[in-house]
Protein chains: 2
Amino acid sequence: MNVMNDSPRRKELTRQAAQLFVQEGFDRTTVRMLAEEMGIKSGSLFHHFRDKQEILAAVIEEGTRNALAIAHAALEACDRDPEARLQAMARAHLETLLTDRNAHVVALYEWRRLDDDARAHLGHLRDAYEALWETVIDEALAAGLIQGDRFLVSRFVMGALNWTVRWYDPEGERSPEELGRELVAMLMVPRV
Amino acid sequence: MNVMNDSPRRKELTRQAAQLFVQEGFDRTTVRMLAEEMGIKSGSLFHHFRDKQEILAAVIEEGTRNALAIAHAALEACDRDPEARLQAMARAHLETLLTDRNAHVVALYEWRRLDDDARAHLGHLRDAYEALWETVIDEALAAGLIQGDRFLVSRFVMGALNWTVRWYDPEGERSPEELGRELVAMLMVPRV
DNA sequence: CATTCACACTAGCGCTTGCTTGGTTAGCCT
DNA sequence: AGGCTAACCAAGCAAGCGCTAGTGTGAATG
């Protein structure tokens, strides 16, 4: 009947679904709309995905995995000092908006439409990403680079970061590199 | 057939609708669910609201109006110096989460489900609220209280602020007053 | 050449949706 | 007493929903 592999075809369909989910919202996006966007008939859709929920889960999983991979890579490629690591994380985050913006918008706005299983599974992925941020923030706090309560700083940064999805245009004037620097500079205690 | 006044009955119904919209999301909340929550039958609902969309608009309008009113009042009641004004705004924002959390969650997550007319109308309200923040941020920048690019600081703060809805418990340990102080302290350039 | 397989199609079932209609009730004003 | 009105109800319609069943097809595999 259907499969759950990660064929290239399925990946492409997932990308198209993300686009529609952003435009219309998950609930308003019908399987018929999805099928038309994909150039197939609505029945054929269920050859690739068990049900509509699985498409949502696939979209979010794809986006989060990429963000996690890019963040890891950025951390390994950069200097050891806390400031460079903070900047690397910020730059990586903004870079994923270039390729996976739709997926991140969906993850942000349609999270609660996931069923319990998917939410648990993807929750671990997201926790891993946030844990990465918290490590880097902790290092910066320990080095006296930024100030404030650990818990609070973390929430504050995650909020500002997630919000970037609403206004940042990665193809606009400011490059991810540049904006990442500015974000970190804003947080930091200035040198005296 | 129906009316659009702001009777006390309608206000109560709006409050109950907000609760459901948060729990289930706008699209998954059926008029029958709304009616049951309100203790009436689904048909009776359309005596108070023209259609389902109007309920959503009413929820968001109520929340935004209250936030705006509280912010205005807080600014008029506090000292003139930029730091006090920043704190007053932050405290006011956190305080509205006490009484209007549901409305704010709905405004954040279901904004795009508004039709064009409602979005334009409520957009002005929200702009007024954000403009208030930007004024206060500008004053703080001019006074050298905080640093960074005007546009960037503003987005950063609005992001962190909107995110509070996801984690801040106004009945928890930290009072709005206290947390507002901490938030502002985090932003500020430390005294030397 | 026969079989299998991934992928797509047609057709439609069973159910839910937002909303309408036409009529009833209870309280207020004169 | 009689009229007015806000508030409600029972019943149901037309449209749309997610999803299933059964079939066809062309390319790869034995």
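As a basis for the values below, the full set of heavy atoms in this structure was taken, side chains included, without hydrogen atoms, waters or symmetry mates. Protein chains get the first letters and strands the later ones, always in sequence-line order, with residue 1 at the start of each.
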Self-check item: Whole-Å gap separating P (dG18(D)) and CG (Asp51(A))
Solution: 11 Å
Quiz item: Which nucleotide in the set dC7(C), dC8(D), dC19(C) lies at the smallest distance from any side-chain heavy atom of His48(A)?
Solution: dC7(C)
Quiz item: Is any N or O donor-acceptor pair between the side chain of Arg32(A) and the base of dG18(D) shorter than 3.5 Å?
Solution: yes
Quiz item: To the nearest Å, how far apart are Glu36(B) CD and dA10(D) P?
Solution: 13 Å
Practice problem: State, with a plain yes or no, whether a side-chain heavy atom of Glu134(B) is found less than 4.5 Å away from one of Arg150(B). | Solution: yes
Practice problem: State plainly whether one hydrophobic cluster holds both Leu98(B) and Tyr129(B), where clusters connect Ile, Leu, Val, Met, Phe, Trp and Tyr through side-chain heavy atoms under 4.5 angstrom apart. | Solution: no
Practice problem: With the side chain of Phe46(B) defined as its heavy atoms from C-beta on, choose the nearest nucleotide among dG18(D), dA7(D), dG18(C). | Solution: dG18(C)
Exercise. May I have the distance from Phe49(A) (atom CZ) to dG18(D) (atom P), rounded to whole angstrom?
Key: 15 Å
Quiz prompt | Spacing of His47(B) atom NE2 relative to dG23(C) atom P, expressed in whole Å | solution = 18 Å
Quiz item: Expressed in angstrom and rounded to an integer, what is the separation of Met38(A) atom CE from dC7(C) atom P?
Solution: 13 Å
Quiz item: Base, sugar-phosphate alone, or nothing: which one does Lys41(B) contact when heavy atoms must sit under 4.0 Å apart?
Solution: sugar-phosphate
Self-check item: Rounded interatomic separation in angstrom, taking CG from Leu13(B) and C1' from dC8(D)
Solution: 12 Å
Quiz item: Among the nucleotides dC8(D), dC19(C), dC19(D), which one has an atom lying closest to any side-chain atom of Ile40(B)?
Solution: dC8(D)
Self-check item: Phosphate OP1/OP2 of dC19(C): any Arg50(B) side-chain N/O under 4.0 Å
Solution: no
Self-check item: 5′-ward residue of the pair Val31(A)/Ser44(A) relative to DNA chain D
Solution: Val31(A)
Self-check item: Atom pair OH/OH of Tyr109(A) and Tyr109(B) - distance to nearest 0.5 Å
Solution: 7.5 Å
Quiz item: Starting at CZ of Arg113(B) and ending at C1' of dG18(C), how long is that distance when rounded to a whole Å?
Solution: 17 Å
Quiz item: Cation over ring, Lys52(B) on Phe26(B), under 6.0 Å and within 45°?
Solution: yes
Practice problem: Supply the atom-to-atom distance Glu182(B) CD to Phe151(A) CZ, rounded to the nearest 0.5 angstrom. | Solution: 10.5 Å
Quiz prompt | Rounded distance in Å - CZ (Arg10(A)) to P (dA8(C)) | solution = 14 Å
